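Protein chains get the first letters and strands the later ones, always in sequence-line order, with residue 1 at the start of each. For clarity, every value in this text was computed on a predicted model and none was experimentally measured.
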Amino acid sequence: MKNKTKYLVTAALPYANNYIHIGHVAGAYLSPDIYVRYRRLKNDDVIFISGSDEHGTAIEMASIIEKVTPQEIIDRYHFSNKKAFEDLGIQFDIFSRTSSEIHHKTAQEFFLNLINKDILIKKSDKQLYSEKEKRFLADRFITGTCPVCGYEEARGDECENCGSNLSPLELINPRSKITGDIPVEKETTHYYFPLGKYQEKLSDWIFSKTDWKPNVINYCKGWFKAGLRDRAITRDLDWGVKVPVEGNDGKVIYVWFEAPIGYISMTKELFIERNDSDKWKEYWCSEDSKLIHFIGKDNIVFHSIVFPAMLMAHGDFNLPYNIPANEFLNIGGEKFSKSRGNGILVKDIVKYFEPDVIRYSIASSFPENKDSEFNWKDLLSRNNNELAAILGNFINRTVVFAKSKFNNVIPGEESINNLDQEILDQFRRSSDSVSAFYDNFRFRDALSETMNAVRSANKYFNDSEPWKLFKNDKERCGAVIHTCLELCHSIAVLISPVLPFTAEKILKILNKDKSDFNWSNIGRRVLKSGTELGETEILFPQIEDSQIEKIISDESESNAVKNGKGSGNLIELDDFRKVNLKIARIINCEKVAKSKKLLKLKLIVGGIEKQIVSGIAEYYTPEDLIGKLIVVVDNLKPAKLMGIDSEGMLLAAKNNGELKIITVEGEISDGAEVN
RNA sequence: GCCGGGAUAGCUCAGCUGGUUAGAGCGUCGGAAUCAUAAUCCGUAGGUCGGGGGUUCAAGUCCCUCUCCCGGUACCA
């Protein structure tokens with residue numbers, strides 16, 4: 001007999017130099033979580049793997065810029081992201097990290113396996129080397145003059161000014177971004193993976209996948225058409241998995257090669273934790289196991305071409321069974337991005353809303369076929385008009401009815417008839433179609449079918465009119481309410497992949513344990529008459545417009561601070577010109593009596609003396625300031641502060657309890673305009 | 001520049017290999033009901049399917065072209 005199918009579900013490894021935002025969640029994390037929860041309800045054998053991707057240039061660069069160790073960087077993001085996932089109810093079996101010992105070991109073994117099979121190629125190449133830092137500089141660590149347009153701050157990989165793609169060796173006057181040191185060309189040897197050799201095998205394999213999403217196939221077509229090239233899989237870098245071959249000091253395995261192996265090492269780690277250290281092989285190597293990678297579209301190449309080619313080369317592991325990649329979730333028509341200041345971080349949004357509300361809102365606009373839009377008003381209307389009105393209301397009206405009319409006890413089912421059976425049957429049919437949608441990774445459809453089932457429960461309630469029955473046929477009324485309570489249980493199961501926290505709450509309200517909590521019980525009677533119900537609770541409180549407005553203003557403010565630019569709050573040049581900024585010299589300064597924060601400054605602006613009062617006494621003493629050149633707003637309406645005239649405002653930067661006034665580099669005469 | 005993807009009701013999105021009056025949810029409007037978080041249920045109205053041209057008995061769906069958006073990739077002749 002065939003073994004039971006195993007599901008090995010992975011979610012893209014988030015790169016540990018950023019906090020995850022809801023675009024990530026929509027792209028690669030919520031759908032697998034829903035999928036896995038659904039599989040569990042069907043009693044399938046499934047494990048759910050993810051973890052931080054913690055190596056590579058970007059992290060090393062961040063550590064240099066912040067003057068901390070890479071370890072500090074990855075710890076910060078790894079633990080924060082891990083918690084953010086937990087807060088959202090995204091429940092991995094393991095969320096580990098590629099800096100772990102077992103990952104280094106696994107990645108090295110993988111690498112050696114390919115070396116021993118003579119698959120990897122060694123090639124020498126010239127790269128820029130910094131004598132001062134004693135190391136090769138990665139593309140992003142280099143700036144220089146663009147050979148195309150002459151822009152002096154072009155990056156090693158591209159020129160931001162003219163958009164040219166560059167190689168660092170083409171830059172004129174290259175220099176290290178970190179030290180400014182001028183690098184030299186030096187020969188270095190790297191291992192290459194012969195991706196080109198696998199093209200035919202890969203395309204045969206991918207084009208045999210008739211059930212994959214078309215976007216995934218299309219991306220691959222593009223790559224095949226262009227032709228796959230050999231790719232260097234080692235780098236001259238300190239931070240990463242060391243190349244496990246003698247004579248390769250200072251070289252690490254390149255992240256894109258090493259990171260996906262993390263899926264394997266994390267699976268190993270999971271089963272070591274479970275004291276069953278060989279069991280990972282059942283998921284990775286056995287034929288009855290299905291490997292499913294959930295990713296965003298930016299990751300398609302690695303998961304559908306590069307990693308499968310590596311797995312083919314290695315030979316011991318299964319190839320992916322499916323890669324249901326999502327597109328991107330945009331907000332307000334713009335792409336999520338930190339630099340544009342519009343990313344909604346998970347760690348922030350969970351402070352404002354219940355995780356299930358966030359999950360529902362994201363899941364109902366999953367970017368399954370194309371990029372989709374998210375906005376706050378949408379979240380509000382999803383909560384108020386769907387979750388509260390349809391789902392929350394059905395549970396509430398049922399339980400409140402039972403409470404007031406049946407003494408908070410589940411009524412008897414003596415008078416059930418075929419109308420009651422019909423709604424239960426309908427739930428069974430719904431659960432079948434929801435299943436089919438989940439099986440095909442159609443999460444939006446699954447969710448809408450789920451909500452339709454809940455709607456039909458409301459209809460059943462309306463049509464049965466228990467409030468009328470109560471007056472003339474109490475027994476029949478009891479049967480209806482009993483059925484409604486059964487529906488509550490069925491609903492709890494049906495929604496729980498998407499709304500796990502709500503499902504738990506419903507069970508509590510029903511005073512029911514989890515013994516019947518599985519997919520096959522949807523539309524079945526599992527409750528006992530006479531059982532007392534638990535405490536009622538409003539599942540989805542209304543969200544007010546004012547809440548949303550506050551969040552939007554908070555968010556845009558904090559983003560503006562973070563990124564130094566306003567989001568969605570652009571002004572015209574003329575608006576800016578209204579502000580008259582000038583250079584002023586501080587000629588005298590004293591503390592304002594009886595004030596903690598205020599300093600009184602005497603300034604010279606273009607030969608004219610001015611007096612301003614400024615709230616910087618907690619950061620500067622008068623002695624610090626006298627003689628300094630600062631920037632002031634010269635045409636601000638005068639005001640009185642603690643009775644003292646203030647004829648302007650000085651500019652200062654403030655952040656987390658720090659404050660620094662804006663001064664001028666070098667010497668310039670007071671009164672000079674700033675613009 | 002080249003390659004790929006997108007543009008469908010007020011909003012968010014479905015529409016497989018072309019086939020009867022273009023769909024769903026939410027919002028709008030009208031009605032029923034009052035157990036329930038004024039929550040439900042029923043019904044209604046809304047679209048020249050980005051513009052233009054073509055193939056076909058028949059096109060949102062195929063072809064050409066243009067506009068706008070998003071990715072990828074290339075600056076070589």
Student: What integer number of Å spans the P atoms of B:rU55 and B:rU61?
Tutor: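 So the two P atoms sit 15 Å from each other.
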
Student: Between A:Asp356 and A:Lys505, does at least one N-O distance fall below 4.0 Å, as a salt bridge requires?
Tutor: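 Salt bridge between A:Asp356 and A:Lys505, a charged N being under 4.0 Å from a carboxylate O: no.
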
Student: Determine whether A:Phe427 and A:Ile491 make a side-chain contact, defined as any pair of heavy atoms from C-beta on separated by less than 4.5 Å.
Tutor: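 Contact flag for A:Phe427/A:Ile491 side chains = yes.
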
Student: To the nearest Å, how far apart are A:Asn326 CG and B:rG5 C1'?
Tutor: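 My rounded result for the distance is 15 Å.
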
Student: Using atom types as modelled and distance alone, determine if a side-chain donor or acceptor of A:Asp371 lies under 3.5 Å from a backbone N or O of A:Phe328.
Tutor: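 Here the side-chain-to-backbone pair exists.
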
Student: Measuring only the C1' atom in each nucleotide, how far is B:rU12 from B:rG52? A whole number of Å is fine.
Tutor: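 Between the two C1' atoms, the distance is 29 Å.
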
Student: Check whether any side-chain nitrogen or oxygen of A:Lys297 sits under 4.0 Å from OP1 or OP2 of B:rG5, and answer yes or no.
Tutor: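 It does not, given that no N or O in the side chain of A:Lys297 lies less than 4.0 Å from OP1 or OP2 of B:rG5.
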
Student: Would you classify A:Thr398 as touching base, sugar-phosphate or nothing, given that sugar-phosphate means primed atoms plus P, OP1 and OP2, and contacts are heavy atoms under 4.0 Å?
Tutor: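 No contact.
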
Student: Can you check whether A:Gly89's main-chain N or O pairs, donor with acceptor, with A:Arg359's side chain at less than 3.5 Å?
Tutor: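 Here the side-chain-to-backbone pair exists.
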
Student: Look at the side chain of A:Asn462 and the base of B:rU40, then say whether one donor and one acceptor between them are separated by less than 3.5 Å.
Tutor: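 Per atom types, the contact qualifies.
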
Student: For B:rC2 and B:rA77, measure between their C1' atoms and round to the nearest Å.
Tutor: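 B:rC2 and B:rA77 have their C1' atoms separated by 14 Å.
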
Student: Answer yes or no on whether A:Lys405 is positioned over the face of A:Phe401, meaning its NZ or CZ is under 6.0 Å from the six-membered ring centre and within 45° of the axis.
Tutor: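 Yes.
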
Student: Salt bridge check: are A:Asp432 and A:Arg428 linked by an N-O gap of less than 4.0 Å?
Tutor: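 Salt bridge flag = no for A:Arg428 with A:Asp432.
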
Student: Cationic tip of A:Arg442 within the cone over A:Phe437's six-membered ring, i.e. under 6.0 Å and within 45° of the normal?
Tutor: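 No, a cation-pi geometry is absent between A:Arg442 and A:Phe437.
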
Student: Checking base pairs now: Watson-Crick or wobble, both atom distances under 3.5 Å. What partners B:rA7?
Tutor: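 Base-paired to B:rU67.
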
Student: Taking CD1 from A:Ile509 and C1' from B:rA36, how many angstroms apart are they, rounded to a whole number?
Tutor: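 Atom-to-atom, A:Ile509 to B:rA36, this comes out as 13 Å.
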
Student: How would you label the contact of A:Glu327 with the nucleic acid (heavy atoms, under 4.0 Å): base, sugar-phosphate, or nothing?
Tutor: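 No contact.
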
Student: Is the base of B:rC35 stacked against the aromatic ring of A:Phe401, taking ring centres under 5.5 Å apart and planes under 30° as the test?
Tutor: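 One would not call A:Phe401 stacked on the B:rC35 base.
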
Student: Could you work out the separation of B:rA14 and B:rU65 based on their C1' atoms and round it to a whole Å?
Tutor: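 Looking at atom C1' only, B:rA14 and B:rU65 are 28 Å apart.
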
Student: Could you identify the nucleotide paired to B:rG19, looking across every strand shown and requiring Watson-Crick or G-U wobble geometry with both distances under 3.5 Å?
Tutor: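 By the stated definition (distances under 3.5 Å), B:rC57 pairs with B:rG19.
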
Student: Where the side chain of A:Arg397 is defined as all heavy atoms beyond and including C-beta, which of B:rC35, B:rU37, B:rA39 is the nearest nucleotide?
Tutor: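 Out of B:rC35, B:rU37, B:rA39, the nucleotide with an atom closest to A:Arg397's side chain is B:rC35.
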
Student: Measure the distance from CG on A:Asn383 to P on B:rA39 and round it to the nearest whole Å.
Tutor: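 The answer, rounded to whole Å, is 12 Å.
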
Student: Taking the nucleotide of RNA chain B with the nearest heavy atom to each, does A:Leu387 or A:Tyr219 sit closer to the 5' end?
Tutor: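 The answer here is A:Leu387.
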
Student: When you check the glycosidic angle of B:rG72, does it come out syn, meaning within 90° of 0, or anti?
Tutor: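 Anti, which is what one calls it when the glycosidic angle falls more than 90° from 0.
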
Student: What nucleotide, of B:rC26, B:rU40, B:rU34, holds the atom closest to the side chain of A:Lys468?
Tutor: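 That would be B:rU34.
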
Student: When you get a sec, tell me which of B:rU40, B:rC26, B:rG4 is the closest nucleotide to the side chain of A:Asn458?
Tutor: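 Out of B:rU40, B:rC26, B:rG4, the nucleotide with an atom closest to A:Asn458's side chain is B:rU40.
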
Student: What integer number of Å spans the P atoms of B:rU8 and B:rG1?
Tutor: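 After rounding to an integer number of Å, I get 24 Å for this pair.
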
Student: Taking pairing as Watson-Crick or G-U wobble with both contacts under 3.5 Å, can you name the mate of B:rU12, or confirm there isn't one?
Tutor: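 B:rU12 is paired with B:rA24.
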
Student: Among A:Arg476, A:Glu475, A:His482, which residue meets the side chain to side chain donor-acceptor pair (under 3.5 Å) test with A:Ser415?
Tutor: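 Of the listed options, the one satisfying the test is A:Glu475.
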
Student: Rounded to the Å, how far apart are A:Ile300 CD1 and B:rG4 P?
Tutor: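 Checked: the CD1 to P distance equals 16 Å.
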
Student: Over how many whole Å does the gap from A:Asp463 atom CG to B:rA32 atom P extend?
Tutor: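 In whole Å, B:rA32 P lies 17 Å from A:Asp463 CG.
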
Student: To the nearest angstrom, how far is A:Asn384 atom CG from B:rA36 atom P?
Tutor: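 Going from A:Asn384 (CG) to B:rA36 (P), I get 20 Å.
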
Student: Between P on B:rU37 and CZ on A:Phe394, what's the gap in Å once rounded to a whole number?
Tutor: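 Taking atom P of B:rU37 as the reference, CZ of A:Phe394 is at 15 Å.
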
Student: Return the nearest nucleotide to the side chain of A:Ser365; candidates are B:rC35, B:rU37, B:rU12.
Tutor: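 So the side chain of A:Ser365 is nearest to B:rU12.
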
Student: Looking only at side-chain atoms of A:Ala389, point me to the closest of B:rU40, B:rC35, B:rU12.
Tutor: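 Output: B:rU40.
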
Student: Under 4.0 Å from OP1 or OP2 of B:rA14: is there any side-chain N or O of A:Asn369 that close?
Tutor: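 So the side-chain polar atoms of A:Asn369 do come within 4.0 Å of the phosphate oxygens OP1 or OP2 of B:rA14, strictly under.
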
Student: For B:rC13, does OP1 or OP2 lie under 4.0 Å from any side-chain N or O of A:Arg382?
Tutor: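 Checking B:rC13 against A:Arg382, no side-chain N or O comes under 4.0 Å of OP1 or OP2.
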
Student: Where the side chain of A:Gln542 is concerned, which of B:rU37, B:rG71, B:rA74 is the nearest nucleotide?
Tutor: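 That would be B:rU37.
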
Student: Should B:rC29 form a Watson-Crick or G-U wobble pair with both distances under 3.5 Å, which nucleotide is its partner?
Tutor: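 Looking at the geometry, B:rC29 pairs with B:rG43.
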
Student: Which whole number of Å gives the distance between the C1' atom of B:rA24 and that of B:rA9?
Tutor: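 Their C1' atoms lie roughly 11 Å apart.
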
Student: Tell me which nucleotide among B:rU40, B:rG6, B:rU34 gets nearest to the side chain of A:Trp467.
Tutor: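 Nucleotide nearest to A:Trp467's side chain: B:rU34.
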
Student: Quote, to the nearest angstrom, the P distance that separates B:rC13 from B:rA58.
Tutor: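 After rounding to an integer number of Å, I get 34 Å for this pair.
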
Student: Counting side-chain heavy atoms from C-beta on, which of B:rA36, B:rC13, B:rC35 comes nearest to A:Arg444?
Tutor: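 Among B:rA36, B:rC13, B:rC35, the one nearest the side chain of A:Arg444 is B:rC13.
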
Student: Give the nucleotide from the list B:rA39, B:rG25, B:rC13 with an atom nearest to the side chain of A:Arg455.
Tutor: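 Selected nucleotide (nearest to the side chain): B:rG25.
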
Student: Write down the distance separating the C1' atoms in B:rA22 and B:rG46, rounded off to the nearest Å.
Tutor: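 Their C1' atoms lie roughly 13 Å apart.
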
Student: Under 4.0 Å, counting only non-hydrogen atoms across every strand here, what does A:Leu539 touch: a base, just sugar-phosphate, or nothing?
Tutor: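 If one applies the 4.0 Å heavy-atom cut-off, A:Leu539 turns out to touch a base.
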
Student: B:rC11 C1' sits how many Å from A:Asn385 CG, rounded?
Tutor: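 Distance, rounded to whole Å: 12 Å.
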
Student: Please determine, for the side chain of A:Phe540, which listed nucleotide (B:rC41, B:rA14, B:rU37) has the closest atom?
Tutor: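 Among B:rC41, B:rA14, B:rU37, the one nearest the side chain of A:Phe540 is B:rU37.
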
